[in-house]
Amino acid sequence: LFGYVGGGCTIKDLTMDNTCRIEGGAYVAGFAGGSNGSGKVLLECLGYEGTVYGTAQNAAAIIGCNMSSKASYTIRNCYCTGDITGQRESGALTGYIGSDGIVQNCYTLSRVEGDDGTTYLYRGQGKDTNSYSIAGTQGKRITTDMSESGELCYLLNGSTTPEEPIWYQTLGEDSHPVLLRSHG
């Protein structure tokens, strides 16, 4: 949606479904290719279910690359489920989050091609809390069965009250948690 974002930017409350396909060279992602400039960037309540195909580095579902680690990213309550393909330095949520990024309450079921095998959820020196991934060493490891059964939805909502859940899932219909209140 956005080529580059900068400090002060907030992108929130958007879901791109599985009919979406983003293609490009380097720094290609579902929501923002990269950042130019310093400052805080908040990416919140975003879902990317489509595919991302990059012919070079830093392909991802949410943000491609935090150029020179200048921006300070917080990625909160986001997910991706579609395939991510890049040539190198790619990740599920971000190709490069920078030196002080924060990932909170996120998950990925995406297959990533072009990652280094360990930094699957995001690349960079970020910190993650209550985040989940089907591969790599970041976040807690999950399976597709945990997603389909509602267990992942329960884990993601662990710190919210039942009256104010963030994640929803209609069991038997949704194969993974979503951010839509119209679901169970």
Side-chain angles (χ1 to χ4, degrees), residues 1-2 5 8-22 29-32 40-52 60-64 66 71-84 91-95 97-98 100-112 119-124 126-184:
L1 289 178
F2 305 97
V5 297
C9 175
T10 296
I11 303 172
K12 63 186 284 184
D13 299 328
L14 294 169
T15 298
M16 296 176 76
D17 69 18
N18 63 2
T19 63
C20 295
R21 179 175 169 93
I22 305 293
F31 291 99
K40 295 184 182 288
V41 176
L42 174 62
L43 304 167
E44 185 171 32
C45 294
L46 302 175
Y48 191 83
E49 299 175 0
T51 58
V52 174
I62 306 296
I63 179 82
N66 181 0
S72 178
Y73 278 90
T74 297
I75 301 173
R76 182 182 308 134
N77 298 317
C78 295
Y79 73 96
C80 58
T81 59
D83 291 343
I84 312 295
L93 295 177
T94 178
I97 197 168
D100 66 348
I102 297 170
V103 176
Q104 298 173 326
N105 216 41
C106 297
Y107 78 90
T108 181
L109 299 173
S110 296
R111 181 187 62 80
V112 178
T119 56
Y120 200 86
L121 189 59
Y122 60 90
R123 286 193 60 258
K127 296 179 184 174
D128 63 86
T129 55
N130 199 42
S131 293
Y132 303 87
S133 178
I134 61 169
T137 59
Q138 298 163 325
K140 297 171 186 157
R141 188 65 69 94
I142 56 168
T143 64
T144 54
D145 288 343
M146 292 171 70
S147 175
E148 292 172 0
S149 71
E151 182 179 355
L152 177 58
C153 189
Y154 176 80
L155 292 169
L156 289 163
N157 280 325
S159 61
T160 60
T161 61
E163 296 83 34
E164 299 177 19
I166 295 168
W167 298 94
Y168 300 86
Q169 184 172 6
T170 303
L171 297 178
E173 293 179 27
D174 296 327
S175 62
H176 56 84
V178 295
L179 298 162
L180 302 170
R181 288 185 171 93
S182 60
H183 292 244

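Since the structure is predicted, the reported quantities are computational estimates derived from the model, not experimental observations.
Using a 4.5 Å cut-off on side-chain heavy atoms (C-beta onward), Leu179 and Ile166 make contact. Between Asn18 and Thr81 the shortest side-chain heavy-atom distance does not fall below 4.5 Å. Here the side chains of Tyr132 and Leu156 are in contact, with some heavy-atom distance below 4.5 Å. Looking only at side-chain heavy atoms (C-beta outward), Thr15 and Val178 stay at 4.5 Å or farther from each other. Counting heavy atoms from C-beta outward, Gln169 and Leu152 have side chains that stay 4.5 Å or more apart.
For Ile22 against Ala29, the heavy-atom pair with the smallest separation is CG2-O, 3.6 Å. Closest of all the heavy-atom pairs between Gly95 and Ala60 is N-CB, 3.3 Å. Here the closest non-hydrogen pair linking Asp174 and His183 is OD2-ND1, 2.6 Å. The two residues Thr108 and Ala92 have their closest heavy-atom pair at OG1-CB, 3.3 Å. Pairing each heavy atom of Gly136 with each of Arg141, the nearest pair is O-NH2, 2.8 Å.
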- Does the side chain to side chain contact (heavy atoms under 4.5 Å, CB included) test come out yes or no for Leu43 and Val5, once each step is laid out? CA-CA 11 Å; Leu43 304 167; Val5 297; 5.9 Å; no

- Working for side-chain hydrogen bond (donor to acceptor under 3.5 Å, both in side chains), residues Asp145 and Thr143: CA-CA 5 Å; Asp145 288 343; Thr143 64; 4.9 Å; no

- Task: List the steps and the verdict of side chain to side chain contact (heavy atoms under 4.5 Å, CB included) for Leu155 and Met146.
- Result: CA-CA 10 Å; Leu155 292 169; Met146 292 171 70; 4.1 Å; yes

- Task: Dump the intermediate steps for side chain to side chain contact (heavy atoms under 4.5 Å, CB included) on Lys40 and Thr10, then the final yes or no.
- Result: CA-CA 9 Å; Lys40 295 184 182 288; Thr10 296; over 6 Å; no

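Phe31 contributes atom CZ, which lies 13.0 Å from atom OG1 of Thr94 (distance to the nearest 0.5 angstrom). Ile142 contributes atom CD1, which lies 10.0 Å from atom OG of Ser131 (distance to the nearest 0.5 angstrom). The structure places SG of Cys80 at 8.0 Å from CG of Leu109, a figure rounded to the nearest 0.5 Å. Remark: Cys106 SG to Gln104 CD distance equals 8.0 Å, nearest 0.5 Å. Put simply, CG on Leu121 and CG on Leu93 are 4.5 Å apart, with the number rounded to the nearest 0.5 Å. The distance from atom CG of Asn157 to atom CG of Asn105, rounded to the nearest 0.5 Å, is 7.5 Å.
The closest donor-acceptor contact from the side chain of Gln138 to the backbone of Tyr122 lies under 3.5 Å. Remark: side-chain polar atoms of Tyr120 are not paired, donor with acceptor, to backbone N or O of Arg123 under 3.5 angstrom. Listed for the Thr74 side chain is no donor-acceptor partner under 3.5 Å among the backbone atoms of Ile102. Side chain of Ser110 to main chain of Val112: no donor-acceptor pair is present (N/O by atom type, distance under 3.5 Å, no hydrogens or angles).
Residues Tyr73 and Asn66 have side chains that never bring a donor and an acceptor to within less than 3.5 angstrom of each other.
Applying the ring-ring contact (aromatic ring centres under 6.0 Å, His included) rule to Tyr79 yields the partners Tyr107, Trp167, His176; only residues at least two apart in sequence or on another chain are considered.
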